[in-house]
Amino acid sequence: MIRTIFILFMMVVTASIVAGSEPDEREAAEAEAEAVTDNSEWAIALHGGAGVNSRDLPEETKQEYFDSLEEALRIGEKILKSGGEALDAVEQVVIYLEDNPLFNAGKGSVFTYEGKHELDAAIMDGSSLGAGALTGLTTVRNPITLARHVMENSRHIFFSGQGAERYADETAVERVENDWFFTERRYEQWKRAQQQDSSSGMIIDPESESYTFRYGTVGAAALDREGNLAAGTSTGGMTNKMYGRVGDVPIIGAGTYANDLAAISATGWGEQIMRNVSAHTIASYMEFTGSSLDDSIEFLLIERLDPGDAGFIAVDRDGNVSLKMNTEGMFRAGSNAAGFREVAIWD
Ligand code: ASP
């Protein structure tokens, strides 16, 4: 009897402890959820290359670019608004742009001097300084996904050419034939570039028409609600590039960079972007001078680069978005939690 009374007593005590603790736990979970929703900024910026000078694009083509940029922006916004990771937003936006034949990355990549497609990509996680990069890919449909694989699963950062393809063999990333990247438009551009270049394929006259259509690259930078920054860039490189040429895109700190202050992706003349270690310089300028993201990018565009060289899209840890170039135009878009939203090509 005494035993039964004791058991009943213990059951009542236990029940009241559980009942008492439940609301506390619920409140804590609710508070945490609120903190994530309320407090946090998110921001996204993206580009589809600075390879556009002429405003005389046919209306229909212009509209196709705007629609594609809008769609890319929506993909990133959806992920970030619902609390997704900056890295996922960057990867998914870049995949969309890689698969879109309008842009010089993935499908629609430019031709090399030898008439092939060689793709470069990089991704970087600002919170860990983790990075993955590839150059000279010939059969990977979405280089950005392989770059993320390198970042997350390899003890190295940067793979090139045959080694990069071999690394891809060990993953499940989708493979295609090299001519899958072919588009008629890029083929015509390549033919024109071949006529204009010197026989070595090296000399580019900045005044020539070909100069303007050599560019094109896609990239994205994002800040998620947890405060993490990430950047990614993917490209076919420059039209008629020489055998083995590596551009700025996969070079961490040149065309792609992210830390806990800012995430940046570049487009434009890769050699110039590399010389100035551009993306890293922007982040360092912010850090060392306390300048804003906008001012830091302007420092690089005005003080370091020449007119016509490049464009940058970036976000910082406060959710500021910057889309700036010293070229005539840059396919670009960006938005943030504070209500900024822009999709643009020229000024
Ligand atoms: N920066 C790229 C490269 O030089 C090209 C581009 O952005 O258009 O490979």
Side-chain angles (χ1 to χ4, degrees), residues 45-53 65 94 97-98 100 102-106 108-113 116-123 133-138 143-144 147 158 160-161 164 181 183 185-186 189-190 193 197 201-202 204 206 210-221 231-257 264-282 297 300-301 304-306 308-314 323-332 345:
L46 62 95
H47 69 80
V52 52
N53 265 11
Y65 275 110
V94 172
L97 294 168
E98 283 175 340
N100 187 322
L102 288 177
F103 303 101
N104 171 21
S109 284
V110 297
F111 283 77
T112 66
Y113 183 67
K116 293 189 300 197
H117 307 277
E118 290 179 0
L119 281 48
D120 299 342
I123 195 163
L134 300 146
T135 185
L137 290 174
T138 51
I144 197 71
F158 196 179
S160 73
F181 299 110
T183 51
R185 187 167 139 258
R186 296 296 180 197
Q189 287 178 348
W190 175 57
D197 283 353
M202 278 292 284
I204 306 167
S210 69
Y211 184 73
T212 65
F213 62 66
R214 279 160 203 283
Y215 296 158
T217 278
V218 308
T233 318
S234 182
T235 189
M238 286 176 86
T239 303
N240 211 27
K241 65 184 179 184
M242 288 182 75
Y243 19 84
R245 181 261 189 185
V246 181
D248 59 297
V249 167
I251 297 180
I252 298 302
T256 309
Y257 191 71
I264 302 136
S265 170
T267 174
W269 190 356
E271 281 69 11
Q272 285 289 80
I273 297 168
M274 274 189 265
R275 257 178 210 117
N276 291 284
V277 200
S278 301
H280 184 266
T281 300
I282 291 168
I297 294 182
L300 205 88
L301 286 172
R304 290 286 180 266
L305 296 170
D306 294 324
D309 276 351
F312 300 93
I313 58 95
L323 315 165
K324 286 182 178 292
M325 71 278 182
N326 65 14
T327 51
E328 276 281 309
M330 173 169 71
F331 299 108
R332 62 195 187 276
I345 302 179

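Counting convention: from 1, in listed order, for ligands and their atoms alike.
Of the listed residues (Asp248, Ile251, Ile273), the one carrying the non-hydrogen atom nearest atom 2 (C) of ligand 1 is Asp248. Scanning Lys241, Arg245, Met238 for the heavy atom closest to atom 9 (O) of ligand 1 points to Arg245.
With no hydrogens or angles considered, a side-chain donor-acceptor pair links Thr135 and Asp120 at under 3.5 Å. Between Thr112 and His117, the side chains place no donor N or O within less than 3.5 Å of an acceptor N or O (distance only, hydrogens not considered).
Using a 4.0 Å cutoff on heavy atoms, Gly268 counts as a contact of ligand 1.
Atoms of ligand 1 found under 4.0 Å from any heavy atom of Gly237 (numbered from 1 in listed order, with element): 9 (O). With ligand atoms numbered from 1 in the order given, ligand 1 contributes 6 (C), 7 (O), 8 (O) to contacts under 4.0 Å with heavy atoms of Thr267.
An N or O contact shorter than 3.5 Å is missing between Val249 and ligand 1 by distance. Looking at Thr217 next to ligand 1, an N or O pair under 3.5 Å apart turns up.
The residues Lys241 and Glu271 are annotated as not salt-bridged, no charged nitrogen and carboxylate oxygen being separated by less than 4.0 angstrom.
Every residue meeting the side chain to side chain donor-acceptor pair (under 3.5 Å) condition with Glu98, not counting sequence neighbours, appears here in chain and number order: Asn142, Ser234.
A distance of 11.0 Å separates CH2 of Trp190 from NZ of Lys116, quoted to the nearest 0.5 Å.
Here the options are Ile273, Ile264, Thr281, the test is side chain to side chain contact (heavy atoms under 4.5 Å, CB included), and the partner is Leu300; only Thr281 passes.
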